[in-house]
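First comes the structure, then the notes that go with it.
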Amino acid sequence: MKKDKRNILIFVVIVLIVIFISYFVFSSGITDKLRASAQGMKASVDKEFNKSDLPIINEVINSSGENLVNTNVSLIINTSSKYNIKKVEYSFDLKNWKIIEEDINKKEASVRLNFSKTMNESVYIRVENDRGYKSYPYETIVNIDKDAPVMEINNNEALVIYAKDNIKLSKVQYSYDKLNWDSEDISGEEISLRKENFGYKYIRVVDSVGNISRVKEVK
């Protein structure tokens with residue numbers, strides 16, 4: 001009987017300890033520290049860490065609206081911090097970070113990041129202040145296609161036109177003078193066309209974001 005009472009007492013003590021530790025974890029902000037640690041933030045080891053110590057990315061203005069475009073894409077990053085901002089960085093994998101701007105030494109900053117080459121990537125932005133605290137990463141998408149479609153022509157008895165692109169084709173265009181073009185809607189990443197009596201002298205194709213192939217002459 002005494003043994004049963006002792007076991008019950010031990011169980012009650014363990015329950016009380018678990019309750020106390022759980023309360024301490026959530027009231028002291030350790031949950032935030034663990035979350036910060038998962039993002040690789042130095043704030044996770046600071047005893048004085050508060051969520052308000054972290055710099056904030058207020059907004060990222062993506063000039064493409066995260067849509068596929070054939071133009072350069074700019075990201076305008078607006079950020080603020082309780083302490084002076086040290087640097088703003090970006091990454092494609094949350095592991096390797098490149099500096100956009102550093103030695104800012106202001107509590108508010110607006111920096112620009114430009115992309116000009118063909119790509120389709122998630123871009124992560126983070127900010128670090130002079131106390132070593134890093135913001136939670138902000139994700140946006142940059143999707144640029146500047147690759148023109150490729151076209152080949154075989155001049156046989158029946159004209160064969162072959163075109164392909166890394167995204168969808170949208171139009172095949174015909175002209176007599178390279179100035180005025182008649183268009184025909186098409187669809188797909190590649191096409192083959194046969195024209196028995198081709199009346200135009202020049203031909204080109206256009207993809208879905210406006211990239212235009214080289215003009216080919218039909219002989």
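We number each residue from 1, following the sequence as shown.
Atom-to-atom distance recorded for Glu139:CD and Leu94:CG is 8.0 Å, nearest 0.5 angstrom. Once rounded to the nearest 0.5 Å, the distance linking NZ of Lys171 with CZ of Arg204 reads 9.5 Å. A distance of 11.5 Å separates CD in Glu128 from CG in Leu54, rounded to the nearest 0.5 Å. To the nearest 0.5 Å, atoms CG (Asn129) and CG (Asn105) are separated by 11.0 Å. Distance CD/Glu59 to CD1/Ile77: 11.0 Å, rounded to 0.5 Å. The CG atom of Leu169 sits 10.5 Å away from atom CE of Met151, with the distance rounded to the nearest 0.5 Å.
Val150 places none of its side-chain heavy atoms less than 4.5 Å from the side chain of Asp165. Side-chain atoms of Met119 and Val142, non-hydrogen and from C-beta on, do get closer than 4.5 Å to each other. Counting only heavy atoms from C-beta outward, the side chains of Ile141 and Val123 never approach each other to under 4.5 Å. The shortest side-chain heavy-atom distance between Asn84 and Ile104 does not fall under the 4.5 Å cut-off. At least one side-chain heavy atom of Thr79 sits less than 4.5 Å from a side-chain heavy atom of Ile85. At a threshold of 4.5 Å between non-hydrogen side-chain atoms, the residues Lys82 and Tyr133 do not count as touching. Between Ser81 and Lys107 there is no side-chain heavy-atom pair separated by less than 4.5 Å. Annotation: side chain of Val172 is not in contact with side chain of Ile161 (no heavy-atom distance under 4.5 Å).
In this structure, Ser213 contributes its side chain and Val205 its backbone to a donor-acceptor pair below 3.5 Å. Looking only at distances, no side-chain donor or acceptor of Asn120 sits under 3.5 Å from a matching main-chain atom of Asp145. Side chain of Ser135 to main chain of Ile56: no donor-acceptor pair is present (N/O by atom type, distance under 3.5 Å, no hydrogens or angles). For Asn143 (side chain) and Glu121 (main-chain N/O), no donor-acceptor pair under 3.5 Å exists by modelled atom type. In this structure, the side chain of Asp130 does not engage the main chain of Lys86 through any donor-acceptor pair within 3.5 Å. Between the side chain of Ser63 and the backbone N or O of Val73, no donor-acceptor pair lies under 3.5 Å.
In this structure, Asn180 and Ser175 approach most closely via the heavy-atom pair O-OG, 2.7 Å. The shortest heavy-atom contact between Val215 and Lys178 is CG1-CE, 4.2 Å. In this structure, Ile191 and Ser187 approach most closely via the heavy-atom pair CG2-O, 4.0 Å. In terms of heavy-atom proximity, Ile57 sits nearest to Val127 at CG1-CG2, 3.7 Å. The two residues Ser110 and Ile76 make their nearest non-hydrogen contact at OG-CG2, 3.6 Å. Residues Lys51 and Tyr136 come closest through the heavy atom pair CE-CE1, 4.4 Å.
Partners of Tyr162 under the ring-ring contact (aromatic ring centres under 6.0 Å, His included) rule, at least two apart in sequence or in another chain, do not exist in this structure.
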*asked:* What verdict does the side chain to side chain donor-acceptor pair (under 3.5 Å) test give for Lys117 and Asn72, after you've listed the backbone C-alpha separation in whole Å, the side-chain angles of each residue and the deciding distance to 0.1 Å?
replied: CA-CA 7 Å; Lys117 296 181 179 179; Asn72 295 348; over 6 Å; no
Between Tyr138 and Tyr124, does the ring pair (Phe, Tyr, Trp, His ring centres under 6.0 Å) criterion hold? Intermediate values first, please. CA-CA 5 Å; Tyr138 183 104; Tyr124 302 93; 9.8 Å; no
Begin with the C-alpha distance, continue with both residues' side-chain angles, and end with the deciding distance and a verdict on salt bridge (charged side-chain N to carboxylate O under 4.0 Å, His left out) for Lys87 and Glu89. CA-CA 7 Å; Lys87 61 184 176 181; Glu89 303 172 299; 3.5 Å; yes
Applying side chain to side chain donor-acceptor pair (under 3.5 Å), run through Ser52 and Asn50 and close with a yes or a no. CA-CA 5 Å; Ser52 62; Asn50 290 306; 5.0 Å; no
*asked:* One pair to check against side chain to side chain donor-acceptor pair (under 3.5 Å): Asn114 and Ser74. What are the steps and the verdict?
replied: CA-CA 4 Å; Asn114 298 315; Ser74 293; 2.7 Å; yes
- Do Leu113 and Ile125 pass the side-chain contact (heavy atoms from CB on, under 4.5 Å) test, and can you show the C-alpha distance, the side-chain angles, and the key distance before you say yes or no? CA-CA 10 Å; Leu113 175 60; Ile125 310 295; 4.2 Å; yes
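If you check the side chains of Ser80 and Glu108, you find no donor sitting under 3.5 Å from an acceptor. Using a 3.5 Å distance cut-off with no hydrogens or angles, the side chains of Ser91 and Asn96 do not pair a donor with an acceptor. For the 3.5 Å distance criterion, the side chains of Glu66 and Thr140 qualify, holding a donor opposite an acceptor.
Other residues, nucleotides and ligands contribute more than 12 heavy atoms inside 6.0 Å of the NZ atom of Lys146.
Between Tyr174 and Tyr202, a ring centre-to-centre spacing not shorter than 6.0 Å is recorded.
No continuous path of ILVMFWY side-chain contacts below 4.5 Å connects Val218 to Ile212, so the two sit in separate hydrophobic clusters. Put simply, Ile144 and Phe92 are part of the same group of oily side chains (I, L, V, M, F, W, Y) that touch within less than 4.5 Å, one to the next. Both Ile186 and Ile153 are members of a single hydrophobic cluster when ILVMFWY side chains are connected at heavy-atom separations under 4.5 Å. Each of Val69 and Val206 belongs to its own hydrophobic cluster when Ile, Leu, Val, Met, Phe, Trp and Tyr are linked at side-chain heavy-atom distances under 4.5 angstrom.
Using the six-membered ring where Trp is involved, Phe115 and Tyr90 have ring planes that are perpendicular, over 60° apart on the 30 and 60° scheme.
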